Structures are given as structure tokens and as C-alpha cells.
Amino acid sequence: MAAPSTIDILDISGRWHLNPTLSSPSEAFLTLQGAPWLLRRIIGLVTLDFEYTKLPQAPGSRSPRFHQKTIIRPGGFGSENSFNIDGVAWTEPTPLFGDIRVRCHYANSDEVARDYGLPGLDIADPNNAAIIESVESKAKGWTATSVWAFEVIDGVRRYVKYNTAKKGDKVEKIRMVTIMK
């Protein structure tokens with residue numbers, strides 16, 4: 001199902017299913033991040049759903065927060081994370097990459113076009129065109145940036161994540177395209 005026009009980047013609440021046909025293969029991206037061979041194979045065979053819930057603002061904060069649940073099928077297992085979209089970095093332990101530093105902020109349409117080369121997004125509010133997620137794994141020696149946004153692909157409005165990982169002079173990019181469930 002297309003992403004309704006009533007949903008924008010300020011509230012991405014809902015369940016989103018990864019469309020493997022429109023998304024990029026993840027093998028090289030995950031290899032750069034140091035994901036084990038078996039995990040990379042499994043990810044290529046399963047379906048992924050992302051469930052987002054907007055959380056109440058923290059006391060004294062005006063910044064939005066989201067809870068993300070990643071569901072892997074078959075099996076129904078996955079992971080859960082919370083994101084503060086306030087530009088302040090936090091450390092989060094992960095079983096695969098160890099401690100990672102994460103920072104999320106809203107980006108305006110000029111920043112998205114200039115810094116990430118994504119001028120064709122479906123933007124409801126030019127001041128809040130996308131969410132930029134920056135991640136660093138010191139243990140694995142990589143950084144990654146994800147641009148969360150909406151885009152019209154093949155005439156259908158979709159929630160997308162453009163991901164770039166860097167390790168040394170190596171760079172890998174993938175696009176994750178979803179449909180709303």
C-alpha cells in the first residue's frame with residue numbers, strides 16, 4: 001500500500017514492509033560493516049518489517065521520539081530501538097556491532113539536496129524534509145548515515161531509507177524501499 005499523504009516524516013508511525021524488488025542488495029553494505037557471512041545470507045532470505053510508534057516527548061524536551069521494532073520473518077524475531085530526533089548523540093549497545101554512537105536530526109530540503117544528493121523526495125514540509133541518522137561503530141571501524149524520507153517511486157509514495165556506510169576509503173550505499181502494511 002502506498003504511504004498515505006497524511007503521514008509525513010514528523011510522524012512515521014505504522015508498519016512498513018521492506019520491498020526487496022525496489023531495494024538494493026545489502027550484501028556489500030553488510031560486509032563493509034563486518035556482519036558475519038551467515039547473517040548476511042539469512043538477511044537475503046527473510047522478509048523485514050519495521051514498526052514505528054511515535055513516543056511522548058521526554059519531560060522538558062520539545063523533540064520527537066520514535067520506537068522502532070524490526071521484525072524478521074520467518075521466525076518473528078528482531079530488534080527494538082528508540083530514536084530521539086534532537087541532534088544529540090547517544091550510545092547504544094548492539095549484539096552485532098558492540099556499542100554504537102547514534103545521532104538523529106531533522107534536515108531541511110536544502111540540506112538533503114546539497115549534502116546527500118536527494119533532490120527528488122516527496123516533501124510535505126521543506127523545514128523537515130527528512131530524518132538524518134548518523135551512526136559510528138568504533139569497534140568495527142565504520143560510520144553510516146541514513147536519510148529517512150518519502151519518495152514517489154513508480155507512481156507510488158513510499159517510505160525510503162538511503163544508507164551510506166564508510167570504512168577507510170571504502171563506501172557502500174543501499175536504498176531500502178518500503179510499502180505500508
Side-chain angles (χ1 to χ4, degrees), residues 2-19 22-24 26 29-30 32-33 48 50-58 60-70 79-92 94 97 99-138 142-167 170-180:
S5 60
T6 55
I7 294 179
D8 63 20
I9 205 64
L10 295 174
D11 188 354
I12 55 175
S13 294
R15 186 173 228 174
W16 305 88
H17 176 75
L18 184 69
N19 180 318
L22 295 175
S23 298
S24 308
S26 61
F29 189 87
L30 293 169
L32 183 138
Q33 290 182 310
L48 294 174
F50 305 96
E51 190 172 286
Y52 292 93
T53 306
K54 190 169 186 178
L55 301 172
Q57 292 175 332
S61 173
R62 294 178 32 213
S63 300
R65 300 182 315 143
F66 289 97
H67 180 265
Q68 174 188 296
K69 182 177 183 181
T70 304
S79 62
E80 296 190 41
N81 307 82
S82 291
F83 295 89
N84 296 313
I85 317 298
D86 59 5
V88 177
W90 70 92
T91 300
E92 187 167 313
T94 67
F97 303 122
D99 286 351
I100 58 173
R101 293 283 293 163
V102 182
R103 185 176 77 83
C104 296
H105 73 279
Y106 284 109
N108 65 38
S109 56
D110 290 339
E111 178 184 354
V112 171
R114 180 190 65 242
D115 296 350
Y116 303 100
L118 301 172
L121 301 178
D122 184 44
I123 298 170
D125 176 358
N127 293 315
N128 297 294
I131 294 173
I132 308 300
E133 175 189 7
S134 303
V135 181
E136 178 183 18
S137 171
K138 287 189 179 184
W142 56 260
T143 61
T145 302
S146 297
V147 179
W148 310 8
F150 288 92
E151 182 176 359
V152 176
I153 300 170
D154 295 336
V156 178
R157 186 172 184 263
R158 301 176 185 275
Y159 171 57
V160 297
K161 282 189 177 182
Y162 285 91
N163 305 282
T164 303
K166 297 177 183 178
K167 183 174 183 176
K170 294 181 182 177
V171 176
E172 293 293 340
K173 297 181 178 192
I174 61 171
R175 176 178 81 164
M176 299 170 67
V177 180
T178 67
I179 57 173
M180 188 163 209

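Values below: all heavy atoms of this structure, side chains included; hydrogens, waters and symmetry mates excluded. These figures come from a predicted structure and were not determined experimentally.
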Any donor-acceptor pair under 3.5 Å linking the side chain of Asp154 with the backbone of Val156?
->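 No, Asp154 side chain to Val156 backbone: no donor-acceptor pair under 3.5 Å.
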Note, [X] side chain near [Y] side chain (heavy atom, < 4.5 Å):
X      : Y      : answer
Ile100 : Ser137 : yes
Arg158 : Glu151 : no
Glu172 : Trp142 : no
Thr145 : Tyr116 : yes
Thr178 : His17  : no
Cys104 : Trp90  : yes
Thr164 : Tyr162 : no
Arg175 : Ile153 : yes

Kindly give the heavy-atom pair with the smallest separation between [X] and [Y], and that separation in Å.
X      : Y      : value
Ala107 : Ile132 : CB-CG1, 3.6 Å
Val112 : Ala129 : CG2-CB, 4.3 Å
Ser13  : Ile7   : O-CD1, 3.9 Å
Ala144 : Gln33  : CB-NE2, 4.2 Å
Val171 : Lys166 : CG2-CG, 3.8 Å
Phe150 : Ile9   : CE1-N, 3.6 Å

Would Trp148 and Phe66 count as a close aromatic pair, with their ring centres under 6.0 Å?
->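 Aromatic pair excluded; centres sit 6.0 Å or further apart.
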Establish, yes or no, whether a centroid distance under 6.0 Å links the rings of Tyr159 and Tyr52.
->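 Between Tyr159 and Tyr52, the centre distance is under 6.0 Å.
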Measure the [atom1]-[atom2] distance between [X] and [Y] for me, rounded to the nearest 0.5 Å.
X      : Y      : atom1 : atom2 : answer
Thr94  : Asn81  : OG1   : CG    : 9.0 Å
Asn19  : Ile179 : CG    : CD1   : 6.0 Å
Asn163 : Ser146 : CG    : OG    : 3.5 Å
Tyr106 : Leu10  : OH    : CG    : 4.5 Å
Arg101 : Ser134 : CZ    : OG    : 11.5 Å
Leu55  : Ser82  : CG    : OG    : 5.5 Å

Residues, nucleotides or ligands: over 12 heavy atoms within 6.0 Å of Lys54 NZ = yes
Count the heavy atoms belonging to other residues, nucleotides or ligands that lie under 6.0 Å from NZ of Lys167, then report whether that count exceeds 12.
-> yes
Lys138: partners by side-chain contact (heavy atoms from CB on, under 4.5 Å), with sequence neighbours left out = Glu136
Is a side-chain donor-acceptor pair under 3.5 Å present for Glu51 with Thr53?
-> no
